[in-house]
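Written below as structure tokens is the structure these notes are about.
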Amino acid sequence: MLNEEARLSALLRQLRDRFPSAEIVVVDGGSEDRSAAVALREASVVLLGDRGRAAQMNLGGQAARGDWLFFLHADSDPEFTEAECLASLEGLAASSAAWGFCRVRLVGRSRALPLIGWFMNRRSCLTSVATGDQGLFISRELFDRVRGFAPIPLMEDVEICKRLRRRARPACLALRVRSSGRRWDEKGVLATILRMWALRLAYCLGVSPQRLWHHYYGRHALVADSRGRAGAA
């Protein structure tokens, strides 16, 4: 999480109610609001780490004690129960898949978000490459074997999926995660789609994640660098 005070308490209460047996590990990347204080009231473990999705998720993954890890961004929440989750994990354990991802449902002002979510789900199942918005399930054994997320400031979800699929084909789970469509609402649907595809294409062509991060965050990236931070979560 990063600066999610406004919605964090409701999210963590929902996670606690829906998944009473789960260990909830929250990793804060240097929030400038009261996110960490809110998390302390609801989460099992609250960690303070370097800013950046990869660094934060690695820290949380290393601290978690379960046999299965589920990586969830703070602007997303699962629309399934613990019983449904455990049934899916049993299916994963019984198959050759040691990882998988959920289907995303984008919510926001734009009427195009359901269609965008549908295409994201189709693409991820066809390519075995998911985005962090979808939530990633990874077995503890496999996560340790691949040494977690690569220490890069952007495209960490794409990068780890490509490494994971070389070891095992993922499961496209029927479980659904509701994720915020605020980036499309704020920047415009067409502009955001073109920007995201341009970033993915540039990454596939070998442009470094560091250069892509500076392009993605623009002036904010320069300010962040001057403060010694490694990215935005």
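All heavy atoms count here, side chains included; hydrogens, waters and symmetry mates do not.
A 6.0 Å sphere centred on CZ of R200 holds more than 12 heavy atoms belonging to other residues, nucleotides or ligands. Sparse packing is recorded around CZ of R147, with 12 or fewer heavy atoms of other residues, nucleotides or ligands lying under 6.0 Å away. Counted within 6.0 Å of CZ on R122, heavy atoms from surrounding residues, nucleotides or ligands total 12 or fewer; the atom is thus considered open.
The distance from the CD atom of E4 to the OG atom of S9 is 13.0 Å, given to the nearest 0.5 Å. If you take CD on Q62 and CG on L47, they are separated by 10.0 Å, rounding to the nearest 0.5 Å. Note that the NE2 atom of H73 and the CD atom of Q56 stand 9.5 Å from one another [nearest 0.5 Å]. A distance of 11.0 Å separates CG of D28 from CG of L59, quoted to the nearest 0.5 Å. Between atom CG of residue D75 and atom CZ of residue R182 there is a gap of 4.5 Å, rounded to the nearest 0.5 Å. The CG atom of L106 sits 8.0 Å away from atom CZ of R183, with the distance rounded to the nearest 0.5 Å.
Taking the charged nitrogens against the carboxylate oxygens, R53 and D157 have no contact shorter than 4.0 Å, which rules out a salt bridge. Under 4.0 Å is where a charged nitrogen must lie from a carboxylate oxygen, and between R105 and E79 at least one such pair does.
In plain terms, the two heavy atoms of S128 and W99 that are nearest each other are O-CH2, 3.4 Å. The two atoms that bring D185 and G108 nearest to each other are OD2-CA, 3.3 Å, heavy atoms only. The two residues G100 and P170 make their nearest non-hydrogen contact at CA-CB, 4.2 Å. The shortest heavy-atom contact between D133 and S179 is O-OG, 2.8 Å. For the residue pair S88 and L173, the shortest heavy atom distance occurs at CB-CD2, 4.3 Å. Closest non-hydrogen pair, G117 versus V104, comes out as O-CG1, 4.0 Å.
Between the side chains of Q134 and S124, a donor-acceptor pair is found at a separation under 3.5 Å. In this structure, a donor-acceptor pair under 3.5 Å is absent between the side chains of T127 and R165. Inspection of the E82 and S21 side chains reveals an N or O donor paired with an N or O acceptor under 3.5 Å.
Side-chain heavy atoms closer than 4.5 Å link hydrophobic residues (I, L, V, M, F, W, Y) into clusters, and following such links, possibly through other members, connects W197 to W184. A single hydrophobic cluster is not seen to contain both L15 and L69; linkage of ILVMFWY side chains at heavy-atom distances under 4.5 Å, directly or through other members, places them apart. Both M57 and I160 belong to a common hydrophobic cluster when Ile, Leu, Val, Met, Phe, Trp and Tyr are linked at side-chain heavy-atom distances under 4.5 angstrom. Linking Ile, Leu, Val, Met, Phe, Trp and Tyr residues whenever their side-chain heavy atoms come within less than 4.5 Å leaves I24 and V27 in two separate clusters. In terms of hydrophobic clustering, with Ile, Leu, Val, Met, Phe, Trp and Tyr side chains grouped at heavy-atom distances under 4.5 Å, L12 and F70 are assigned to a common cluster.
Put simply, the side chain of V177 reaches to within 4.5 Å of the side chain of L72, judged on heavy atoms. Contact check for L142 versus L164: side-chain heavy atoms found under the 4.5 Å cut-off. The shortest distance between side-chain heavy atoms of R123 and T131 falls below 4.5 Å. When side chains are defined from C-beta on, P153 counts as touching Q210, because their heavy atoms get closer than 4.5 Å. Side-chain contact between V158 and Y203 is present, with at least one heavy-atom pair separated by less than 4.5 Å. Residues C102 and R176 fail the side-chain proximity criterion, which asks for heavy atoms closer than 4.5 Å. Side-chain atoms of Q14 and R18, non-hydrogen and from C-beta on, do get closer than 4.5 Å to each other.
In terms of modelled atom types and a separation under 3.5 Å, the side chain of N58 and the main chain of F149 share a donor-acceptor contact. One N or O on the side chain of T192 and one on the backbone of G188 form a donor-acceptor pair closer than 3.5 Å. Side chain of E84 to main chain of F80: no donor-acceptor pair is present (N/O by atom type, distance under 3.5 Å, no hydrogens or angles). The backbone N or O of D67 lies less than 3.5 Å from no partner atom in the side chain of R140, so there is not a single donor-acceptor pair. At least one donor-acceptor pair closer than 3.5 Å links the side chain of R7 to the backbone N or O of A74. Counting only distance, with no hydrogens or angles, the side chain of E23 and the backbone of R65 share a donor-acceptor pair below 3.5 Å. Remark: the backbone N or O of R103 is not paired with any side-chain donor or acceptor of N121 at under 3.5 angstrom.
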What's the verdict on side chain to side chain donor-acceptor pair (under 3.5 Å) for N3 and E32, showing C-alpha distance, side-chain angles and the deciding distance? CA-CA 6 Å; N3 296 326; E32 297 170 353; 4.7 Å; no

Give the intermediate values and the outcome of side-chain contact (heavy atoms from CB on, under 4.5 Å) for residues I116 and V189. CA-CA 9 Å; I116 295 170; V189 170; 3.7 Å; yes

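Aromatic ring centroids of F137 and F143 lie 6.0 Å or more apart. Remark: aromatic rings of F71 and F101 are distant, center separation not under 6.0 Å.
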